[in-house]
Amino acid sequence: MTGLPHAPADPLTFRWSSLARLGGLPPEAGTGGQLRTEPADFVVDELPLYLPQGEGDHLMIELRKEGHTTGHVLRELARQLRVKDRDIGSAGQKDRHAVTTQWVSVPVKGKAACRTSNCQA
């Protein structure tokens, strides 16, 4: 207990009922807005910790995707580059229902395959 008269038992608990209503509208009225009706309404651009330096054991590829899961795109990329999908590195999953860009790393042996296949899904 904090000793304050109307403090919740757990100060980290959020309650929607504690927010003031907009314009005195009842809860079922809503706000009339729409969220994310098109993928382009939500854009995610991954920023790498560092940019590729042009050397090393992996090829860095910046992907742009829309309407696909990260897993699906990585599996297709692995198939086209003839590498194992577990050998492709990424920084987590990005939203399927958005326009996203993200960086992935591919073992160098996939580099030659990318040049010959154009890496298109």
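Start at 1 with the first residue, then count along the sequence.
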Has Gln53 got a side-chain atom pairing as donor or acceptor with Leu51's backbone, closer than 3.5 angstrom? yes

Residue pair Trp103 / Glu46: nearest heavy atoms and the distance that separates them: N-OE2, 2.9 Å

Minimal heavy-atom distance between Met60 and Pro52, with the atoms involved, is CB-CG, 3.5 Å

Can you confirm whether more than 12 heavy atoms, excluding those of Glu62, are under 6.0 Å from its CD atom? yes

Option among Val104, Thr69, Asp85 that satisfies the side chain to side chain contact (heavy atoms under 4.5 Å, CB included) test with Leu74: Val104

Considering non-hydrogen atoms only, spot the tightest contact between Pro107 and His58 and give its length. N-CD2, 3.6 Å

Nearest 0.5 Å, what's the CG-OG1 distance between Asp45 and Thr101? 3.5 Å

So, Gln102 side chain and Lys65 main chain: donor-acceptor pair closer than 3.5 Å or not? no

Is any side-chain heavy atom of His97 closer than 4.5 Å to one of Pro39? no

Separation between CD1 (Ile61) and CG (Leu77), nearest 0.5 Å, reads 5.0 Å

Enter the distance from Leu81:CG to Glu76:CD here, rounded to the nearest 0.5 Å. 9.5 Å

Closest non-hydrogen atoms of Lys94 and Thr70, given as atom of the first, atom of the second and distance, are N-OG1, 2.9 Å

